[in-house]
Number of protein chains: 2
Amino acid sequence: MIFDDFLRGRRRDRLSSADLEILEAAASDLRTLPARRTIITRGQAVRHSTYLIDGFMCRYMDDREGERQLVAVHVPGDFVDLHAYPLETLDHDVATLTECRVALVPHDKLDAILATQANLAKLLWFSTLLDAAIHREWIFRLGRLSAAARVAHFFCEMEAKLRVIGRSDGKAFDLPLTQADLGEICGITAVHLNRMLRDLKERGLMAFRGGRVTIQDLPGLARFSEFDPGYLFVDQPGSVTSP
Amino acid sequence: MIFDDFLRGRRRDRLSSADLEILEAAASDLRTLPARRTIITRGQAVRHSTYLIDGFMCRYMDDREGERQLVAVHVPGDFVDLHAYPLETLDHDVATLTECRVALVPHDKLDAILATQANLAKLLWFSTLLDAAIHREWIFRLGRLSAAARVAHFFCEMEAKLRVIGRSDGKAFDLPLTQADLGEICGITAVHLNRMLRDLKERGLMAFRGGRVTIQDLPGLARFSEFDPGYLFVDQPGSVTSP
DNA sequence: CGAACTATTGATTCGGTTCAAGTCTTGTGG
DNA sequence: CCACAAGACTTGAACCGAATCAATAGTTCG
């Protein structure tokens, strides 16, 4: 099923099977998008939202010189640009990082859900506010943490997000990003990011190579980066990996 | 009326008078809160949300050493912690900056609105995603702008937000924050913030003194800080100050 | 095999922090 | 009304974290 990972580990029990059927029925269009493709440009009016089934996507803004700042990284189960439904137009760009399988959900189908399925609508609303909570944590990360801690914090976040959908076991996971991407996430240059990765390895916390993260000391990494997963709203911080 | 400033300048025309009456009826409790008081602490379950009628509020997170990072500054007309309705518990703290007049809206009233007033519900959802768009801009600001540009960008944002509710004429406005607050917004120390204010004054862009902003060159300030108000979703970027 | 990313390392510069001292305000009580 | 305390602001000097510039090494793919 398309929405198997939607809100996985996060009040998914409140999604009735009827709700899920309605969601599945609303997903009009399944597509595979190539890697590194911008699919929505800021300001453009959009009439459907993109649900990510498989792959990695991101949202970003760029400055006058064209330097990117990533503002979100999305994993399977994320309703990537559901924000566009109430907003009608986006303030940022949306792009794929890897090849992605997505489902497109037309906004008029969402209108029908909002008019008749209050419970489901509230859960959709919740999922957009989860993104907002993650945005806030990114503000904190950029505003208060050192470069090394920012990097570590981001890896902790990805580990937690991927764990709930069964794509991390707490020891290693795939994260198909380049060092330049990581720099654009953490607000530092790719050169400095590279040094920070070396630093994290030397501290015995983790390693990153070729899009794969190997964690040596997850509690240590969380401590080092002041990571507290509360903002991810996972039901039981323990094991929620089973479907 | 309590909700006179709600979504002012931002699709307020889509709020019917019936919608407004429902909102007014949902606001059970009017209160005046003292300045510099934390009213919601992270993790705490909340059963009502706070709409700001008058005054300034903020949302913040603090690091291990207790250093604050502000993640939002709210002005009259903002539904400050409507996020808490779908989220049920907040990931951050909410506090007043000045003395504030607020209206409390119980979440069960919002449940009723969601179940029966799809149009109003969508506008409430929109207002929370406006906050999310502002969060994204803050990420950009912290990740990509220099200290001086961050400060200038924040003042541009406040000018735009206050203008739509008729509290700025583009030349000067009250912003009752200390330099320490501004530092916690821009992710720099209060000492450096002070130097950046001097810098902005020497550039002939603006001045800040005793909680009052005097703008000498608004287009210049926007240019300097790469400020583009699109993310604030104001209907006509021009004059929308009339009630 | 070569082109084009991607990653790594070194040397230098610069923006912002830190620490420290001092001044200006504002409010309070004698 | 003045004395004083507590914030809020201002300025300087030294230091440090991150950017920049530059050169080289891997890697991947056509």
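Residue numbering restarts at 1 for every chain, and letters A, B, ... go by the order of the sequence lines. As a basis for the values below, the full set of heavy atoms in this structure was taken, side chains included, without hydrogen atoms, waters or symmetry mates.
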Peer 1: How large an angle, rounded to 10°, do the end axes of the helix from C:dC1-D:dG30 to C:dG30-D:dC1 enclose when each is built from five base pairs?
Peer 2: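 What I find for the helix from C:dC1-D:dG30 to C:dG30-D:dC1 is an axis angle of 40°.
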Peer 1: Partners of A:Glu137 by salt bridge (Lys or Arg N to Asp or Glu O under 4.0 Å), sequence neighbours excluded?
Peer 2: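 Counting only residues at least two positions away or on another chain, A:Glu137 forms no salt bridge (Lys or Arg N to Asp or Glu O under 4.0 Å).
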Peer 1: Would you please classify the geometry between the B:His135 ring and the A:His135 ring as parallel, tilted or perpendicular, with 30° and 60° separating the classes?
Peer 2: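 Perpendicular: the ring planes of A:His135 and B:His135 meet at over 60°.
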Peer 1: Assign A:Arg209 to base, sugar-phosphate, or nothing according to its heavy-atom contacts below 4.0 angstrom with the strands shown.
Peer 2: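 It contacts sugar-phosphate atoms only.
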Peer 1: Report yes if a side-chain nitrogen or oxygen of B:Thr189 is closer than 4.0 Å to either non-bridging phosphate oxygen (OP1 or OP2) of C:dT17; otherwise report no.
Peer 2: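 So the side-chain polar atoms of B:Thr189 do come within 4.0 Å of the phosphate oxygens OP1 or OP2 of C:dT17, strictly under.
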Peer 1: For A:Gly187, answer base if it contacts any base atom (sugar-phosphate contacts may also be present), sugar-phosphate if it contacts only those atoms, and nothing otherwise; contact means non-hydrogen atoms under 4.0 Å.
Peer 2: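 Contact class for A:Gly187: sugar-phosphate only.
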Peer 1: Salt bridge (Lys or Arg N to Asp or Glu O under 4.0 Å) with A:Arg59: which of A:Asp93, A:Asp81, A:Asp131?
Peer 2: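 Running salt bridge (Lys or Arg N to Asp or Glu O under 4.0 Å) over A:Asp93, A:Asp81, A:Asp131 with A:Arg59 returns exactly one hit, A:Asp131.
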Peer 1: What residues form a side-chain hydrogen bond (donor to acceptor under 3.5 Å, both in side chains) with A:Tyr51, not counting sequence neighbours?
Peer 2: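 By the side-chain hydrogen bond (donor to acceptor under 3.5 Å, both in side chains) rule, A:Tyr51 matches no residue at all.
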Peer 1: Only pairs at least two apart or in different chains count here, so list each ring pair (Phe, Tyr, Trp, His ring centres under 6.0 Å) that has a residue in residues 179-214 of chain B.
Peer 2: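 Checked against ring pair (Phe, Tyr, Trp, His ring centres under 6.0 Å) - neighbours excluded - the pairs reaching residues 179-214 of chain B are B:Phe155-B:Phe208.
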Peer 1: State which residues pass side-chain hydrogen bond (donor to acceptor under 3.5 Å, both in side chains) with B:Asp78; sequence neighbours excluded, sorted by chain then number.
Peer 2: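 Once residues adjacent in sequence are excluded, the partners of B:Asp78 under the side-chain hydrogen bond (donor to acceptor under 3.5 Å, both in side chains) criterion are B:His74, B:Lys161.
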Peer 1: Specify the residues of residues 57-72 of chain B, ordered by number, for which at least one heavy atom lies under 4.0 angstrom from an atom of DNA chain D.
Peer 2: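 Close to the strand, none.
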Peer 1: Suppose we screen for side-chain contact (heavy atoms from CB on, under 4.5 Å). Which residues come up paired with B:Arg198, at least two apart in sequence or across chains?
Peer 2: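 Counting only residues at least two positions away or on another chain, B:Arg198 forms a side-chain contact (heavy atoms from CB on, under 4.5 Å) with B:Arg195, B:Glu202.
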Peer 1: Heavy atoms of chain B, cut-off under 4.0 Å: which first and last nucleotide of DNA chain D, 5' to 3', fall inside that, if you could look?
Peer 2: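 From 5' to 3', the first and last contacting nucleotides are D:dC9 to D:dA13.
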Peer 1: Using a strict heavy-atom distance below 4.0 Å, which residues from residues 191-202 of chain A are in contact with DNA chain D?
Peer 2: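 Close to the strand are A:Val191, A:His192, A:Arg195.
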Peer 1: I need the minimum non-hydrogen distance between B:Ala27 and B:Phe3, along with the two atoms involved.
Peer 2: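 Here B:Ala27 and B:Phe3 meet closest at CB-CE1, 3.9 Å.
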Peer 1: Give a yes or no on whether A:Arg212 atom CZ has more than 12 heavy-atom contacts from other residues, nucleotides or ligands under 6.0 Å away.
Peer 2: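 Atom CZ in A:Arg212 is crowded, with more than 12 foreign heavy atoms closer than 6.0 Å.
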Peer 1: Give me the residues of residues 143-159 of chain A where at least one heavy atom lies under 4.0 Å from an atom of DNA chain D, by number, or none.
Peer 2: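 Within residues 143-159 of chain A, the residues near DNA chain D are A:Ser146, A:Ala147.
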Peer 1: Sort and list the pairs that fulfil salt bridge (charged side-chain N to carboxylate O under 4.0 Å, His left out) and have at least one residue in residues 37-58 of chain A, not counting sequence neighbours.
Peer 2: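 Non-adjacent pairs meeting salt bridge (charged side-chain N to carboxylate O under 4.0 Å, His left out): A:Arg42-B:Asp228, A:Asp54-A:Arg167.
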Peer 1: Is a side-chain donor or acceptor of B:Ser28 paired with a backbone partner of B:Val105 at a separation under 3.5 angstrom?
Peer 2: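 A pair under 3.5 Å: no.
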Peer 1: Mind checking salt bridge (Lys or Arg N to Asp or Glu O under 4.0 Å) for B:Arg64 and listing every partner two or more places apart, or none if nothing turns up?
Peer 2: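 B:Arg64 satisfies salt bridge (Lys or Arg N to Asp or Glu O under 4.0 Å) with A:Glu226 only.
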Peer 1: For atom CZ of B:Arg209, decide whether the heavy atoms of other residues, nucleotides or ligands shown that lie under 6.0 angstrom number more than 12.
Peer 2: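 Atom CZ in B:Arg209 is not packed in, count stays at 12 or less.
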Peer 1: Going by distance alone, is a donor N or O of one side chain under 3.5 Å from an acceptor N or O of the other, for A:Tyr60 and A:Thr38?
Peer 2: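 Short answer, yes.
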Peer 1: Parallel, tilted or perpendicular, judged at 30° and 60°: which one describes the rings of A:His153 and A:Tyr231?
Peer 2: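 Ring orientation of A:His153 relative to A:Tyr231: parallel.
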